[in-house]
Amino acid sequence: MAVSQSSQVEVPAPADRSREGLWLAIAAYGMWGLFPLYFPVLEPAGAVEILAHRMVWSLVVLVAVLLVRRRWAWIGQLLRQPARLGMLALAAVAIAVNWGTYIYGVNAGDVVETSLGYFINPLLTIALGVVVLRERLGAAQWVAVGIGVVAVGVLTVGYGRPPWIALILAVAFAVYGFLKKRVDLPAVEGLAAETAVLFVPATVYLVVIEVIGVGTFLGHGAGHSALLVGAGLITVVPLVCFGASAIRLPLSTLGLVQYLAPVFQFLVGVLIDHEQMNTTRWVGFGLVWLALAVLVADAGRRLYDSGRTSRPGG
């Protein structure tokens, strides 16, 4: 039976889907990389107040997204799994530490150091796999981790102290990623559950600081209030773009695009905020980038080898 042209559903070609996915990934990581331009305009709100608003308004936006998508079945399943729910609560704490430290670092004028946290995060994730999951590393991965350790030592000299902001960001995000993998929820649903865990304490905190007169939501004009509400929107929009890109792109491509975010953060810190980069800091960052180059090259080699072996006659 012939199918009429009007009844046919046009399916995007694989190349078109990949192109869409690439642009969506660039949009997601680009927005994450430009966050340092947003948080300073929320002053005089402090880091904890901004974090609380980000939690509260993120949940509001995420609930709206879930209403549109009509996805609720996962809630009942999650509530019937206490162990999974417990890991989700720990993931919520980890991302709260990550967000709070990031906001503090940006508003304290340490944007370059926050970028360092996301540059070294892959190295911390590998270390977590070795310590917790007893994973075995290849030679290139050991070399990358070793270079990363040396880089942190050099940067400690360059900063005159350990780069605590970067280390806390990297550790918190590595732990968060590990727990998220164990919980195994889609991006939007997962973040909705995490922010739901944090919603009540965040709301109580915001109410208390407004009552005692130290909150900024009600006393600094409608524009300031709107910007605080917008912290939720800018949290969710790149996440939705990321989720859409993840189903269109290979993980290897997505893994490379993720470095856009710390690159943008680094450029904002150096070119816009004019943070000082002495020779020792440049050497330390250079070592971190060398470690990442080793990881990327090793991943590319593994991908090439697996591609050869998967071909007929390979």
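In terms of modelled atom types and a separation under 3.5 Å, the side chain of Asn278 and the main chain of Thr280 share a donor-acceptor contact. Although no hydrogens or angles enter the test, the distance criterion places no donor-acceptor pair under 3.5 Å between the side chain of Glu275 and the main chain of Val270. Within the 3.5 Å criterion, the main-chain N or O of Glu189 finds no donor-acceptor partner in the side chain of Trp74. With Gln141 contributing its side chain and Leu295 its backbone, the two residues share no donor-acceptor pair below 3.5 Å.
The side-chain hydrogen bond (donor to acceptor under 3.5 Å, both in side chains) test applied to Arg281 returns no partner, not counting sequence neighbours. Applying the side-chain hydrogen bond (donor to acceptor under 3.5 Å, both in side chains) criterion to Gln258, with sequence neighbours excluded, gives no partner residue. Evaluation of the ring pair (Phe, Tyr, Trp, His ring centres under 6.0 Å) rule for Phe178 yields no partner, not counting sequence neighbours. Residues passing the ring pair (Phe, Tyr, Trp, His ring centres under 6.0 Å) test with Phe199, sequence neighbours excluded: none. Remark: Trp57 engages His53 in a side-chain hydrogen bond (donor to acceptor under 3.5 Å, both in side chains) (not counting sequence neighbours). Under the rule for a side-chain contact (heavy atoms from CB on, under 4.5 Å), the partners of Ala202 that lie at least two apart in sequence or sit in another chain are Ala52, Met55, Val56. Trp142 is linked by a ring pair (Phe, Tyr, Trp, His ring centres under 6.0 Å) to nothing, counting only residues two or more places apart in sequence or in another chain.
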Report the C-alpha separation of Leu206 and Glu210 in whole Å, then their side-chain angles, then the decisive distance to 0.1 Å, and conclude whether the side-chain contact (heavy atoms from CB on, under 4.5 Å) test is met. CA-CA 6 Å; Leu206 291 175; Glu210 290 297 335; 5.5 Å; no
Can you list the steps and then say if Met277 with Phe285 is a side-chain contact (heavy atoms from CB on, under 4.5 Å)? CA-CA 10 Å; Met277 288 288 292; Phe285 268 87; 3.7 Å; yes
Passes side-chain contact (heavy atoms from CB on, under 4.5 Å), Cys241 versus Met31? Steps please. CA-CA 10 Å; Cys241 290; Met31 284 185 275; 3.9 Å; yes
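Looking at heavy atoms from C-beta onward, Thr235 lies out of side-chain contact with Leu239 at the 4.5 angstrom threshold. Val152 places none of its side-chain heavy atoms less than 4.5 Å from the side chain of Pro162.
In this structure, CD1 in Ile168 is found 12.5 Å from OG1 in Thr114, a value given to the nearest 0.5 Å. In this structure, Leu67 CG and Leu62 CG are separated by 11.0 Å, a value rounded to the nearest 0.5 Å. If you take CG on Leu116 and CG on Leu167, they are separated by 7.5 Å, rounding to the nearest 0.5 Å. The structure places CG of Leu292 at 10.0 Å from CD1 of Ile147, a figure rounded to the nearest 0.5 Å. The structure places CG of Leu185 at 8.5 Å from CD of Glu194, a figure rounded to the nearest 0.5 Å. Note that the CG atom of Leu218 and the OG atom of Ser225 stand 6.0 Å from one another [nearest 0.5 Å].
Minimum heavy-atom separation, Pro36 to Val268: CB-CG1, 4.0 Å. When every heavy atom of Val61 is checked against every heavy atom of Gly232, the shortest pair comes out as CG2-C, 4.3 Å. Gly105 and Ile165 make their closest contact through CA-CD1, 4.0 Å (heavy atoms, listed as atom of the first residue, atom of the second, distance). Heavy atoms only, all atoms of each residue included: Val236 and Ser58 are closest at CG2-O, 3.8 Å. When all heavy atoms are compared, the tightest approach of Ser115 to Pro262 is CB-O, 3.4 Å. Contact record, Ala151 with Gly284: CB-O, 3.6 Å, taken as the closest heavy-atom pair.
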Show me the side-chain donor-acceptor pairs of residues 95-104 shorter than 3.5 Å, one per line, residues at least two apart or across chains.
unit_1: Asn98; atom_1: OD1; unit_2: Tyr118; atom_2: OH; d: 3.0
unit_1: Asn98; atom_1: ND2; unit_2: Tyr118; atom_2: OH; d: 3.4
unit_1: Asn98; atom_1: ND2; unit_2: Leu169; atom_2: O; d: 3.1
unit_1: Thr101; atom_1: OG1; unit_2: Val97; atom_2: O; d: 2.7

Show me the side-chain donor-acceptor pairs of residues 37-49 shorter than 3.5 Å, one per line, residues at least two apart or across chains.
unit_1: Tyr38; atom_1: OH; unit_2: Leu227; atom_2: O; d: 2.5
unit_1: Glu49; atom_1: OE1; unit_2: Thr216; atom_2: OG1; d: 3.3
unit_1: Glu49; atom_1: OE2; unit_2: Thr216; atom_2: N; d: 2.9
unit_1: Glu49; atom_1: OE2; unit_2: Thr216; atom_2: OG1; d: 3.0

Review item, side-chain donor-acceptor pairs of residues 84-92, under 3.5 Å, at least two apart:
unit_1: Arg84; atom_1: NE; unit_2: Val183; atom_2: O; d: 2.7
unit_1: Arg84; atom_1: NH1; unit_2: Gln81; atom_2: OE1; d: 2.8
unit_1: Arg84; atom_1: NH2; unit_2: Val183; atom_2: O; d: 2.9
unit_1: Arg84; atom_1: NH2; unit_2: Asp184; atom_2: O; d: 3.0

Taking distance alone, no hydrogens or angles, what donor-acceptor pairs closer than 3.5 Å link side-chain atoms of residues 120-131 to residues at least two apart or in another chain?
unit_1: Asn121; atom_1: ND2; unit_2: Ala170; atom_2: O; d: 3.3
unit_1: Thr125; atom_1: OG1; unit_2: Asn121; atom_2: O; d: 3.0

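Among residues at least two apart or in separate chains, salt bridge (charged side-chain N to carboxylate O under 4.0 Å, His left out) pairs with a member in residues 143-161 are Glu113-Arg161.
When hydrophobic clusters are built by joining Ile, Leu, Val, Met, Phe, Trp and Tyr residues whose side-chain heavy atoms come closer than 4.5 Å, directly or via intermediates, Trp289 is not grouped with Val294. Under the 4.5 Å side-chain heavy-atom criterion for Ile, Leu, Val, Met, Phe, Trp and Tyr, Leu290 and Trp282 are members of distinct hydrophobic clusters. Following chains of ILVMFWY side-chain contacts shorter than 4.5 Å, one can reach Val263 starting from Ile272, so the two form part of one hydrophobic cluster. Under the 4.5 Å side-chain contact rule for hydrophobic residues, Leu155 and Val150 do not share a cluster. Under the 4.5 Å side-chain heavy-atom criterion for Ile, Leu, Val, Met, Phe, Trp and Tyr, Val197 and Val63 are members of distinct hydrophobic clusters.
Taking the centre of each ring, Phe35 and Phe264 stay at or above the 6.0 Å mark. Aromatic rings of Tyr29 and Trp23 (six-membered ring for Trp) have centroids beyond the 6.0 Å cut-off, not under it.
Using cut-offs of 30° and 60° for the angle between ring planes, the Phe242 and Trp32 rings count as tilted.
At most 12 heavy atoms of other shown residues, nucleotides or ligands fall within 6.0 angstrom of atom CH2 in Trp164.
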